[in-house]
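So that the names make sense, note that chain A is the first sequence line, chain B the second, and so on, each numbered from 1.
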Amino acid sequence: MSGMKPITLLWLRHDLRLDDNPALAAAAARGPVVPVFIWAPEEESPWEPGAASRWWLHHSLEKLAAAFAKAGAPLVIRRGPSLDALRALAKETGATHVAWNRRYEPAVIKRDTAIKKALVSDGLEAESFNGSLLYEPMHVATKEGRPYQVFTPFWRSLLSRDEPAAPVAAPHKLTGPAKALKSLAIDPLGLLPTIAWDSTMKKTWSPGEAGATKRLEKFLADGLTGYGRERDRPDHDGTSALSPHLHFGEVSPRRLWHAVRAAAGGKPVAKLTGGAEAFLREIGWREFASHLLFHFPHTSDAPLRSDYARFPWARDPVGLRAWQRGRTGFPIVDAGMRQLWATGWMHNRVRMIVASFLVKDLRVSWLEGAKWFWDTLVDADLAANTLGWQWAAGCGADAAPYFRIFNPTSQAEKFDPDGAYVKRWANADAADYPEPIVDHAEARKLALAALKTLT
DNA sequence: CTGTCATTTCT
DNA sequence: GAAATGACA
């Protein structure tokens with residue numbers, strides 16, 4: 001059969017898009033493409049996707065399947081083990097190549113490395129691409145060759161580099177396999193909740209590439225200019241709300257980078273100011289988190305600063321439960337936790353406040369907070385979650401100093417001055433609204449005393 | 001003394 | 001980041 005073009009399995013993971021998808025572009029340039037999504041959560045243990053993530057994934061896969069069908073290469077859905085599914089599919093299609101975009105979480109790297117080796121030993125070509133970061137973690141290091149552990153020098157280093165490559169447009173037309181392939185439907189994967197807790201989520205979000213593009217365009221038009229000032233106001237709509245779209249790769253960071261630069265008049269990134277600079281800096285934090293988890297793979301489960309391993313965390317299941325359900329008696333904390341519960345998302349300023357409350361006022365381990373966020377956030381991302389919680393607990397990279405203990409009342413006065421955010425998510429005047437579960441001034445003293453034990 | 005504002009201190 | 005302390009009207 002000379003003249004036949006090689007078939008590529010496109011293994012989709014956290015790159016649920018057609019736009020700026022380097023593995024897809026490489027596969028499509030070569031010949032027919034067989035896009036496949038494999039559901040194998042146990043391979044990501046102990047950080048298997050949480051309930052909110054699975055909800056998002058279900059809807060994102062529906063959109064992705066429709067988009068690939070329209071482009072001419074229907075999406076195949078299989079269950080893991082991933083290697084078995086890829087091998088079976090290669091056999092069914094006669095594929096000679098397998099392509100994917102890299103992920104950087106420790107368990108996934110381990111799995112992917114083993115899979116690559118096995119596929120190559122089968123005689124297949126296996127190739128991976130960078131589709132989810134601006135720069136590869138192995139390419140960014142200090143002068144001494146070590147990973148950055150402080151954000152500002154990390155960010156300066158990124159700014160001094162060649163710009164990330166321009167994004168590649170989605171292919172208009174794809175060639176699929178010659179014959180139809182067996183595929184699971186999305187429902188049997190069991191990603192949706194069995195009890196209907198997702199009604200507010202449905203109203204809040206549009207998972208999928210089209211939803212991501214719409215969100216980005218709206219942000220560029222209405223949000224970017226004022227972002228620097230508005231991003232800290234949970235009572236306003238000042239953030240991009242792109243985090244879940246970015247997590248699932250429904251939009252690429254390169255696309256964002258170049259879109260923001262263009263919207264800001266095409267100036268070099270190092271010369272940007274105001275909202276554009278502030279927003280790209282946040283994309284830089286996302287990048288920083290991924291690089292840190294890559295270089296310090298134990299930190300999803302243990303503090304980066306090892307002295308914190310002996311911090312005397314409290315065992316307080318009652319307090320933890322009150323925090324989770326938004327019943328601490330501190331309105332800004334409860335509003336945040338209830339926004340999270342209802343929408344699968346929380347404003348970043350409020351994430352810092354509720355995190356400080358859990359680890360400093362209740363002295364419950366940051367890992368308990370990380371686990372709760374992992375299950376409830378639609379943007380749950382192992383790198384960002386790890387960085388965020390260790391930052392709040394003071395045990396991570398570029399961490400908050402031990403003495404930075406947020407006062408929930410003064411934080412609320414500062415960032416929710418009219419009380420609109422609190423009013424929206426927690427009715428503190430309700431008859432059953434709880435009394436504060438701790439005395440903040442007392443809790444602060446106890447936290448400082450506990451921190452003293454580390455020296 | 002009492003309130004305000006700036007500075008220091010907190011492991 | 002904010003409580004405690006100091007300077008001063």
Judged by modelled atom types alone, do W56(A) and E250(A) share a side-chain donor-acceptor pair under 3.5 Å? yes
Of residues 401-414 of chain A, the positions that come close to DNA chain B - non-hydrogen atoms, cut-off under 4.0 Å: Y402(A), F403(A)
Rounded to the nearest 0.5 Å, the OG atom of S60(A) sits from the NZ atom of K63(A) at a distance of 9.5 Å
Roughly how many Å is it from CZ in F357(A) to P in dA2(C), rounded to a whole number? 14 Å
Give the rounded distance in Å between these two atoms: CD of E442(A) and C1' of dA3(C). 14 Å
Is there a residue in residues 387-400 of chain A whose heavy atoms reach under 4.0 Å of DNA chain B, and which residues are they? none
Output, in order, the C-alpha distance, side-chain angles, deciding distance and verdict of ring pair (Phe, Tyr, Trp, His ring centres under 6.0 Å) for H58(A) and W39(A). CA-CA 11 Å; H58(A) 176 98; W39(A) 177 240; over 10 Å; no
Any cation-pi pair here, R13(A) with W11(A), using under 6.0 Å and within 45°? yes
Whole angstrom value for the distance that separates C1' of dT9(B) from CG of L451(A): 15 Å
Starting at NZ of K445(A) and ending at C1' of dA4(C), how long is that distance when rounded to a whole Å? 10 Å
Between Y227(A) and F219(A), is the ring centre distance below 6.0 Å? yes
CG on D301(A) to OG1 on T386(A), rounded to 0.5 Å: 7.5 Å
Identify each donor-acceptor pair in which a side-chain atom of residues 267-277 of chain A lies under 3.5 Å from a protein atom, sequence neighbours left out, and give them as a table.
residue, atom, partner, partner atom, Å
E277(A), OE2, R281(A), NE, 3.2
E277(A), OE2, R281(A), NH2, 3.2

Between F151(A) and W285(A), does the ring centre distance come in under 6.0 Å? yes
Tell me the interatomic distance from L448(A), atom CG, to dA3(C), atom P, rounded to whole angstroms. 11 Å
